[in-house]
Each structure stands twice: as structure tokens, then as C-alpha cells.
**Student:** 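One structure, pasted below without further comment.
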Number of protein chains: 2
Amino acid sequence: MGASITIIDIARMCGVGVTTVSRAINNHPDINDETKAMVMKVIKENHYVPNNSARNLKRSASKTIAVLIKGITNPFFNQMIQVFEKEIKRKKYSFILQRVDDKQDEIDVAIELEKEKRLKGIVFLGGYFSHSKEKLDQLTVPFVLSTIGMTDEFDANDYSSVSVDDFKESYKMVDYLCNQGHDKIAIITASMDDVSIGKLRYDGYKKALEDNGIPFNNQLVRCMKEDIESYSMENGYMVTKELLESSEEFTAIYALSDNLAIGACKAIIEAGKSVPEDYSVAGFDGLDITFYYNPSITTIRQPVDEIAEETIRVLFDLINKKITHAHRIFPAELIVRESTKSR
Amino acid sequence: MGASITIIDIARMCGVGVTTVSRAINNHPDINDETKAMVMKVIKENHYVPNNSARNLKRSASKTIAVLIKGITNPFFNQMIQVFEKEIKRKKYSFILQRVDDKQDEIDVAIELEKEKRLKGIVFLGGYFSHSKEKLDQLTVPFVLSTIGMTDEFDANDYSSVSVDDFKESYKMVDYLCNQGHDKIAIITASMDDVSIGKLRYDGYKKALEDNGIPFNNQLVRCMKEDIESYSMENGYMVTKELLESSEEFTAIYALSDNLAIGACKAIIEAGKSVPEDYSVAGFDGLDITFYYNPSITTIRQPVDEIAEETIRVLFDLINKKITHAHRIFPAELIVRESTKSR
DNA sequence: TTGTAGGCGTTATCAA
DNA sequence: TTGATAACGCCTACAA
């Protein structure tokens, strides 16, 4: 214990120099096959494992990509991560997944990790993004924002992104509800000071109402509870309960996420009402559960795999200096299911 | 770019020695407050970030705990991670979350990480566990298996664990179904060569049938599809569809996980049948969604927070050498909801 | 309170 | 094909 076995120990045991051992480990060409086999055998027998800190310290560059993920709660991140991993490995790079706490600054984490692991590129997944250009400039390797809503306050030349158009897709859903004859559409949205996807989707809602000549009713705008996990089923449940208990009339609820929508359905069903007979409910994201829920839920399906693949493609184009920046917008799909009906 | 700024640069810029800078960074007592402030100011201005690899390399020990998680898909891991993080921080330790691929060997990952980060302890979360004692012995720091079903083939003195008794809790559920008058209970289970929780829960099913004098019917045992993500809604859906299309009679389905149960419900509803009127459905785990699903789902709720808290408690007892090993079993709770009825 | 110097475990450079 | 040796960036006796 304590003094772990090192490359020097192995070298001694093999009667060779450390360089030779290092060559064996790292598959260098300049080494005799027999020597290599012998070294590897000794390594196996003694369970020698190279120290990564020392490696990273010494190595000038390593072929590794980090994915920083904020709000690991989001269920479709899992699927994206699968794709990231597959694509990154296909490029013969290795892949690090780093969770970022809600309170942590993802750029700070990225800067630290970049030095520690000699990263070649970074993917930021989820969360809001509001950092000064000065801060972004501290990142010396290419990075891509994936599935992160950005407002216009950023210079598009300063970063790259891959996502859907949250404003437009949100508009699409609300417009659909309007076309189904709904004119009292409640929304479960983020807090009013949200500047990311929450705001974009909310803006889509307002614009769709406006274009359909439906007066905006502030009483139908319901923000998620601050003290409950955001975008969660519980949050949708609580907010909807309150809405139902209020005297406000409405025929449809548009929730900013599928989980919120599920909570909404539950609250409605629990109140002895029915979806969609009494109230239509629509979500956003296209989670698997929306298909399995009863009733199945009308939603906007984000093309998760495509977004993930394109994210990696853009990142490598950045790494290989084929481009300096890029913004890719994917269309999402309105999936009409049982939870909404015309009236 | 390239040559990143180092502690030596900072020292030069400040006109002090590196030791002083190091002291400032690491909050050492032996440093003049003014000097420290000055150093920190220069660090801020130049965006200096210490290189973690160098730190880890030099440090003989660091107060950090790693949580290795296999199958990040499992929804209640998120909740456990929250607790881990909170508890570990409360002990003034820092916390690393490391995802382990399905194909990776978690012990190998742990060994590497232990050296790289000078870990003080490890939590293994999820997955199956079948490693030789020889391999486990390569871990030189304490570790705890959390929520990992273990069969008897291990010497209980070789490791520590915190979990529920999967056999007993599974028995409880099936026994309940029997008491409700069900005698044709289908099960959606893991493949027959599973040696972990899958086997334990399946064994509980068989024993409960036996104790209730119900003949075992192999036709009612349905294994998850190998080519679909295990324990997923989709898997439960496909298996149940097949079961319904077969001529086999049954009145209840017991699924080894809540997600499987949800898939089962969907298949039943889609077939024009009703839960629980035509078929009762029961799950296992106690995920939030079981409350929100329609109908709400009868399940076994694992005391997630308690398990997580106890895991950390045991780990620190191990670290502080208060104990040499421990096995904690938590009781789980049968929650009867709408998806099951007596007949 | 501060600075100098040695070493953590590797890999890269160079010479043999 | 090999091996000695100098970094990599930091921390920490020890000395001042």
C-alpha cells in the first residue's frame, strides 16, 4: 500500500530502461517485439497501471474530447451521450463526460479540465449560456454548444452551436393548438427572468397567439415553482393543480417540457377531469415517455441523434480548422397524439 | 495559446517566490495577508488556473471520493447522486462522478482513477458485480457497493454493501398479488443467466408462487429482449405485446422495473384492454413516474435517500477504520396504487 | 513570513 | 533498438 508501483519498478524488474517500458505501454514502433512482450507480461503480473496525472502532465497533447453536461436530469441527454461517445470513439479520440453542477460555472470547469487533460475540444450540453466574450476567450480549444438556447446578445462569430429553433418550434405547437380551435391556452413556463430556451419557447407562445388573433391573458401564464426541480413532473403537477383551483377558464395547457406536461395530465386526471376531453395537454422535447403515457402526449420531437451527430461533426471541423464557427438549426417534428383534440 | 501560464509566471509577475503563490492558492496560514491579496489579484487578472494533473501528481493524498456509476440510464441514480454529493461535501471532501460504460470493467476504471486522483474512497453504483478477490485486492482504498445485488458466491468479509433485499422485496410484491387472488402472474424478467438483481428478484417471484401453492408456469416467464435496452419501457412494451398475442392466460404482470411496467401498461391499453380491470400490472423501484402515470402504478419503493446516505456513512466508517466491512439492508415499501386490483 | 530546491511518475529528446 | 536525462507544473521540506 502507499507506495504504488511505478514505471521505474517495472523497468528494474525487466532489466530495461524506463523508456523501453514507456514504449511498450504506448505502442511505440521503435521497440523489439520480444522486449515488448516481456515488458507487457511483467506489467500484467504486477498489475501495473500508469498514473494518468503524470501522463497528462507530461503529454503536450492528448486526443480527448470532453462533454460538459449541465442538468444531468434531462432524460434525452442520455441518448445524446451515447451518440457522442460512439462518434468520438470512431474518430479515435477518447471521451470524458463531466457533470456540471447547477451552481457551477461551466466555463470555469472547462478551463480547468482543458489544462488538466490537454483537451482537443469541448461540447457543452444543456443549461443556459451567458458568458462574456472575455471569458469565452480563455478557452483555447474549439467548443460547440449543443441543445443550448442562445439569445441574440451574443456575437454569432464567437461560438458554434447545434440545436433546434426553440422559438419557431414552440410557435409551431401553439399555432397548432390555435388551429384546433383553442383560444384559452394556458402555458407552464420558466420564470420570467429566464434568458434561455425558457424565454425562446415562451416568446413562441406569445407570437403564435398574436398571429392567431388571440388576446394574451396573463392569468394563463404560469411559471414553474422555484422551490421544485425545474421542468419536472412534480412542478407541472403543482402548477396545474393551482391553475385548476383558480377560477381561470382554459381548454388547453402547453407545457414547456414533456415532464411538465405529464405532471399536468396527472393533476387534471386527479381532479376528475379528462385529457383531452376536458383539457388538451401538449409538451415539448419528444421523450419516450410521451409515447408510453396514457393518454399518449402531443409533443415536439427534437431530432436528438441528428443534433448529437452534427455537434461532433462541427466540433471536428473546428478542430481541423475547416471552419471558424457554425450554427446549425435542426427542424423538430410536431407529433400529434391523444392528449390534444380540437374543439 | 500553447504555453499556458504557470505558477512560475505568476511568481515572477508578483516578484515573489513560487512557494508564496502556492500558499496563496491553497489558503495556507503562513502568508502575509497583503502579499496574498496581491498574488490573488495578479492571478485573477491573468486568468491563471493551476494544473490539476500537476497537483494530483505531487499531492500524496487528496480528500476526494469517486462515485462510479454503471448504467447511468437508471432514473433513480440521479437522486442518489444528489445525496452523495451533498453528504460528501458536508464531510469537506470533494466528489468525482465517473460514468462506466457497459462494456468496461468498473474495477479497472477504479484502479486507474484511484492512482490518478489519489482517492480516499470509492462508491460503486449499479451494475452487476462479479470480480475475483484478487482483483478487488488491487483496490487499496475503501469502497462500498450501493444498490448492487450480490449473490452468495462472495465472501462477505471482502466488501461492503448497502441495498435492499431484492429477493425479499420481490417476494413481497408477488405475495401481495397472490393474496389479491391472482394465480396466473406473468413476470418480465432479466435473461436467465443474469446473476445480479435480476436473478434475486426472479427468485423472489418463484418462491412467492411456491409458498402460495401456485404452480410455476414457464410460459408466463418472459425475458427482456436482448437487443433492446434492458429494463426500458420499450422492452416492457415489446415483451408484453408478444405475451398478449400468445394464447397464454394470465391476470397480472409483474415487471422487474417500473419502466418495464409502464411499457407493459401501454401494450395492454393499446390492445384495447384495461389496467387493472383486465390485467393488473406491478413494477419495482418506486420511480416518480409511477405516481404520475395513468393509472398510477403499484410498485416497491426503494428508500433511495436512506440508501445513499448510509452508503456514505459506511464509506467514511471504512475510511476512518471504524469498521472493516459492513452490509446494510434497507426495507423497501410496497406501494399499492391503481394498476393492481383483486379478483 | 518568505524563498530555494528536490521530487511526484511520465514522456520526449538525444545520443549510443 | 535502446537508455540516460531533462522537462511537465506543482507542492513542501528546509533554510533564511
Side-chain angles (χ1 to χ4, degrees), chain A residues 2-40 42-43 46-64 111-119 140, chain B residues 2-40 42-43 46-64 111-119 140:
Chain A
S4 194
I5 184 169
T6 79
I7 197 173
I8 299 181
D9 300 320
I10 297 292
R12 261 199 280 272
M13 298 169 83
C14 295
V16 301
V18 288
T19 317
T20 305
V21 178
S22 177
R23 284 191 181 106
I25 299 170
N26 297 296
N27 277 93
H28 271 273
D30 294 352
I31 183 172
N32 183 302
D33 281 345
E34 286 172 34
T35 322
K36 181 170 173 178
M38 184 265 280
V39 170
M40 291 312 275
V42 174
I43 286 177
N46 294 79
H47 307 301
Y48 163 68
V49 178
N51 182 312
N52 269 324
S53 289
R55 292 184 121 169
N56 291 328
L57 180 59
K58 181 59 199 178
R59 277 206 260 256
S60 44
S62 77
K63 292 173 66 167
T64 114
I111 292 169
E112 205 171 312
L113 207 58
E114 182 189 321
K115 301 202 178 187
E116 178 177 347
K117 304 281 192 178
R118 316 285 187 187
L119 300 181
T140 64
Chain B
S4 194
I5 185 168
T6 79
I7 197 174
I8 300 180
D9 300 320
I10 297 292
R12 260 199 282 272
M13 298 168 84
C14 294
V16 302
V18 288
T19 317
T20 304
V21 178
S22 177
R23 284 193 181 106
I25 298 169
N26 298 297
N27 277 95
H28 271 273
D30 293 352
I31 183 173
N32 184 302
D33 281 345
E34 286 173 33
T35 322
K36 180 170 174 179
M38 185 264 280
V39 171
M40 292 312 275
V42 174
I43 286 177
N46 295 78
H47 309 301
Y48 164 67
V49 178
N51 181 312
N52 268 323
S53 290
R55 291 184 126 168
N56 291 328
L57 182 57
K58 180 61 198 178
R59 279 205 259 257
S60 47
S62 77
K63 292 174 64 167
T64 114
I111 291 169
E112 205 172 312
L113 207 59
E114 181 189 321
K115 300 202 178 185
E116 177 176 348
K117 303 283 191 178
R118 315 286 188 186
L119 299 181
T140 64

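Proteins come first, then strands; the chains are lettered A, B, ... in the order of their sequence lines, and each starts at number 1.
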**Student:** Which pair of heavy atoms, one from Tyr48(B) and one from Ile10(B), lies closest together, and at what distance?
**Tutor:**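 It is CB-CD1, 3.6 Å.
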**Student:** Determine to 10° how strongly the helix from dT1(C)-dA16(D) to dA16(C)-dT1(D) is bent, judged from the axes of its five-pair ends.
**Tutor:**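 It comes to 40° between the two terminal axes.
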**Student:** Whole angstroms only, please: what is the CZ-P distance between Arg12(A) and dT2(D)?
**Tutor:** 20 Å
**Student:** Which pair of non-hydrogen atoms, one from Asn46(A) and one from Val42(A), has the smallest distance, and what is that distance?
**Tutor:** OD1-O, 2.8 Å
**Student:** If you measure from CG on Leu119(A) to CG on Leu113(A), what distance do you get to the nearest 0.5 Å?
**Tutor:**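 Taking CG in Leu119(A) and CG in Leu113(A), the distance rounds to 5.0 Å.
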**Student:** Would you please name every residue forming a side-chain hydrogen bond (donor to acceptor under 3.5 Å, both in side chains) with Glu116(A), sequence neighbours left out?
**Tutor:**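 Here the qualifying residues are Asn52(B), Lys117(B).
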**Student:** Which pair of heavy atoms, one from Arg118(A) and one from Ala61(A), lies closest together, and at what distance?
**Tutor:**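 Scanning both residues, the minimum pair turns out to be CB-CA, 4.2 Å.
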**Student:** Among residues at least two apart in sequence or on other chains, which ones pass side-chain hydrogen bond (donor to acceptor under 3.5 Å, both in side chains) with Lys36(B)?
**Tutor:**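 Expected list: none.
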**Student:** Please write out the pairs of protein N or O atoms and N or O atoms of nucleotides 10-13 of chain D separated by less than 3.5 Å, giving the distance to one decimal.
**Tutor:**
residue : atom : partner  : partner atom : Å
dC10(D) : OP1  : Tyr48(B) : OH           : 2.5
dC10(D) : OP1  : Asn51(B) : N            : 3.1
dC10(D) : OP2  : Ile7(B)  : N            : 2.5
dC11(D) : OP1  : Asn26(B) : ND2          : 3.3
dC11(D) : OP1  : Arg55(B) : NE           : 2.8
dC11(D) : OP1  : Arg55(B) : NH2          : 3.4
dC11(D) : OP2  : Ser22(B) : OG           : 3.3
dT12(D) : O4   : Thr19(B) : OG1          : 3.4

**Student:** Side-chain donor-acceptor pairs under 3.5 Å in residues 16-25 of chain B, sequence neighbours left out?
**Tutor:**
residue  : atom : partner  : partner atom : Å
Ser22(B) : OG   : Asn26(B) : ND2          : 3.3

**Student:** At the 4.0 Å heavy-atom cut-off to chain B, mark where contacts on DNA chain C begin and end, going 5' to 3'.
**Tutor:**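 The contacted stretch runs from dT1(C) to dG9(C).
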**Student:** For His47(A), enumerate each residue passing the side-chain hydrogen bond (donor to acceptor under 3.5 Å, both in side chains) test, keeping only those at least two apart in sequence or located in another chain.
**Tutor:** Glu134(B), Gln138(B)
**Student:** What are the residues of residues 29-39 of chain B, sorted by number, that bring a heavy atom to within less than 4.0 Å of DNA chain C?
**Tutor:** Asp30(B), Ile31(B), Asn32(B), Thr35(B)
**Student:** Looking at residues at least two apart in the chain, or sitting in another chain, which of them share a side-chain contact (heavy atoms from CB on, under 4.5 Å) with Lys58(B)?
**Tutor:** none
**Student:** To the nearest 0.5 Å, what is the distance between OG (Ser53(B)) and CG (Asn56(A))?
**Tutor:**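 Output value for this atom pair is 4.0 Å.
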**Student:** For Val49(B), give me all partners under side-chain contact (heavy atoms from CB on, under 4.5 Å), at least two apart in sequence or on another chain.
**Tutor:** Ile111(A), Glu112(A), Lys115(A)
**Student:** Would you mind listing every salt bridge (Lys or Arg N to Asp or Glu O under 4.0 Å) that reaches into residues 4-20 of chain B, with sequence neighbours excluded?
**Tutor:** Asp9(B)-Arg12(B)
